[in-house]
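A quick write-up on the structure given underneath.
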Protein chains: 2
Amino acid sequence: MDPNSAAAQVAQQFSDFYYQSFDNNRTALNNLYRPTSVMTFETGKFTGAEIIEKLSTLPFNKVQHKITTVDAHIIDPATQTLLVMVTGQLLVDDEQNPQYFAQSFVLVKEETSGSYYISHDLFRLNYS
Amino acid sequence: MDPNSAAAQVAQQFSDFYYQSFDNNRTALNNLYRPTSVMTFETGKFTGAEIIEKLSTLPFNKVQHKITTVDAHIIDPATQTLLVMVTGQLLVDDEQNPQYFAQSFVLVKEETSGSYYISHDLFRLNYS
């Protein structure tokens with residue numbers, strides 16, 4: 001498989017896991033972040049354990065992401081670091097009107113395990 | 001200025017220049033890309049000179065971007081490489097209804113000039 005196809009496949013699998021976990025079993029996201037990871041979530045910026053704290057205390061009971069696009073670029077071939085941008089919609093609690101969102105990740109391959117973790121995460125709702 | 005504030009300032013200045021140029025003087029974007037730059041624009045992927053060709057032949061006469069958010073992370077402190085995510089709306093030609101978009105850039109500082117160029121660019125309209 002050529003490197004770009006492999007990157008696209010990693011990004012799709014990552015996205016599937018990330019949003020399924022976010023919606024159904026959010027604590028499973030813990031394993032994706034490291035103490036050095038940085039997240040922008042709307043206007044807040046969080047590092048390491050703060051990220052899990054933030055994600056586990058969001059002020060809604062249920063959320064459902066519907067993914068529209070997942071794109072990936074290899075930003076460092078030597079380390080197989082990927083930039084992934086996701087766009088889609090989300091529904092919170094019993095709201096009827098979905099909100100658009102965009103989220104960008106930098107995924108870094110861990111040499112020992114061969115799996116990817118999130119070094120950077122930028123999330124924004126997209127509205128005027 | 002602390003590094004994160006400096007990065008935020010670079011990202012804001014970049015965004016101002018990028019979208020003003022896009023809307024009013026698109027050829028000025030040429031200087032921001034390099035032969036190794038990669039762009040995803042909707043479903044297409046473009047490299048180097050293909051990027052300028054694509055941006056200069058988009059099928060509309062006028063476009064207006066309205067930027068809502070600009071966020072930046074330093075993804076490599078050694079080289080001052082930045083991840084920038086922009087969300088906003090755009091109006092094409094005489095349409096009355098803006099479209100949401102999200103765009104992510106990797107900006108790399110050029111040692112010789114001290115200015116930043118775009119190594120990666122992912123653009124997506126955000127709709128269901």
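Computed over heavy atoms, backbone and side chain alike; hydrogens, waters and symmetry mates excluded. Below, read A as the first sequence line, B as the second, and so on, with proteins coming before strands; counting in each chain starts at 1.
- Each of B:L55, B:I51, B:T57 was checked for a side chain to side chain contact (heavy atoms under 4.5 Å, CB included) with B:E53, and the lone residue meeting it is B:T57.
- For the residue pair A:Q103 and A:F123, the shortest heavy atom distance occurs at OE1-CD1, 3.5 Å.
- One finds a salt bridge joining A:K62 and A:D94 here, because a Lys/Arg side-chain nitrogen approaches an Asp/Glu carboxylate oxygen to under 4.0 Å.
- Annotation: maximal heavy-atom pairing with chain B below 4.5 Å, among A:L125, A:T81, A:D76, A:I75, occurs at A:I75.
- For B:K45 and B:E50, the salt-bridge test fails: no basic side-chain N is under 4.0 Å from an acidic carboxylate O.
- Neither the backbone nor the side chain of B:S119 comes within contact range of chain A; no heavy atom of the residue lies under 4.5 Å from a heavy atom of that chain.
- In this structure, chain A has a heavy atom under 4.5 Å from the backbone of B:I74, while its side chain stays farther away.
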